[in-house]
Structures are given as C-alpha cells and as structure tokens.
Amino acid sequence: MCLAIPGKVIEIFDEGGLKMGKIDYSGTINKACLAYVPEVEVGQYVIVHAGFAISVMDEDEAEEVFQTFDEMTDALKKEGYRVENEPLSKKKKDEKKKSS
C-alpha cells in the first residue's frame with residue numbers, strides 16, 4: 001500500500017529533457033518527475049507516486065491533509081502506539097513552537 005502526503009515544489013529544473021522538481025515534504029527534500037503535471041509552478045503542492053508527481057493541489061487542500069495526518073497520529077498516541085513524527089499542519093507546528 002502506498003500512502004502519500006502533499007509535498008511543496010521548491011524548485012523546477014530540466015533533467016535529460018524531463019521537467020523535474022525538488023519537493024519539500026515537511027523538511028525532507030526529494031526529487032520527482034513533473035512531466036505528468038506540466039502546469040505546476042514553484043510553491044504549489046503535488047502528490048508523488050513512484051517518483052512521479054501525479055496531481056497538483058492547492059495549499060488549502062494540502063493543509064487539510066496535514067491536519068488529518070496530525071489527527072491520526074494523535075489518536076495512535078492516545079492508544080499507546082509509539083509515533084515519532086513532526087507535526088505536518090501549520091496549526092500543530094504553531095502549537096509545538098508555543099510549548100517549546
């Protein structure tokens with residue numbers, strides 16, 4: 001099973017004739033092919049599968065996904081599971097900053 005989170009396009013470049021990009025997944029940077037989403041621009045969010053960006057989403061959609069993942073990890077922690085992650089949503093990141 002593949003589960004993807006949105007990543008923010010931080011750079012677009014050409015590699016061997018293919019449109020490529022650097023994608024920021026909340027601090028983890030990876031490279032992905034952007035050939036399937038030629039309309040994407042720096043600053044937009046994409047869903048990547050097997051190294052290929054397969055869809056573009058706006059920032060509000062991405063934030064909604066991040067909030068859902070944060071809610072899921074919070075629920076797992078309450079059930080006693082050990083979850084090691086940094087918050088993805090802006091709301092959780094702000095809460096973490098305030099508590100530090």
Side-chain angles (χ1 to χ4, degrees):
M1 178 171 103
C2 179
L3 186 62
I5 60 169
K8 187 174 188 175
V9 179
I10 59 171
E11 181 182 335
I12 295 175
F13 56 94
D14 183 84
E15 186 175 279
L18 288 173
K19 185 175 184 177
M20 301 292 290
K22 285 188 181 177
I23 315 298
D24 180 353
Y25 301 97
S26 290
T28 300
I29 311 295
N30 284 313
K31 183 171 65 170
C33 179
L34 303 176
Y36 295 147
V37 290
E39 74 281 10
V40 74
E41 298 176 5
V42 170
Q44 289 184 300
Y45 287 81
V46 292
I47 295 292
V48 177
H49 177 69
F52 290 86
I54 57 173
S55 65
V56 178
M57 60 185 355
D58 66 32
E59 188 172 1
D60 291 336
E61 289 176 299
E63 182 61 22
E64 190 175 319
V65 172
F66 295 149
Q67 288 176 13
T68 300
F69 274 104
D70 285 342
E71 290 167 8
M72 289 172 23
T73 57
D74 287 347
L76 287 169
K77 288 177 186 178
K78 286 180 184 176
E79 291 290 322
Y81 290 94
R82 182 175 164 200
V83 179
E84 296 180 20
N85 72 310
E86 291 295 318
L88 296 173
S89 68
K90 289 178 184 175
K91 178 182 173 185
K92 286 293 240 182
K93 287 179 183 177
D94 290 344
E95 288 173 5
K96 184 177 179 181
K97 285 179 188 175
K98 288 179 184 177
S99 67
S100 297

Pair listing, ring pair (Phe, Tyr, Trp, His ring centres under 6.0 Å) test, anchored in residues 54-100, at least two apart: none
Pairwise ring pair (Phe, Tyr, Trp, His ring centres under 6.0 Å) hits with a residue in residues 26-63, at least two apart: Tyr36-Phe52
Using side-chain hydrogen bond (donor to acceptor under 3.5 Å, both in side chains) as the criterion, list what pairs up with [X], not counting sequence neighbours.
{"X": "Lys19", "answer": "none"}
{"X": "Lys77", "answer": "none"}
{"X": "Asn30", "answer": "none"}

Set of salt bridge (charged side-chain N to carboxylate O under 4.0 Å, His left out) partners for Glu79, sequence neighbours left out: none
Non-neighbouring partners of Glu59 that pass salt bridge (charged side-chain N to carboxylate O under 4.0 Å, His left out), sequence neighbours left out: Lys90
Can you name the side-chain contact (heavy atoms from CB on, under 4.5 Å) partners of [X], sequence neighbours left out?
{"X": "Glu61", "answer": "Met57, Asp58"}
{"X": "Glu39", "answer": "Val37, Val56"}
{"X": "Glu15", "answer": "Phe13, Met20, Lys31"}
{"X": "Ala35", "answer": "Leu18, Cys33"}

Summary of salt bridge (Lys or Arg N to Asp or Glu O under 4.0 Å) pairs that have at least one residue in residues 2-11, sequence neighbours excluded: Glu11-Lys22
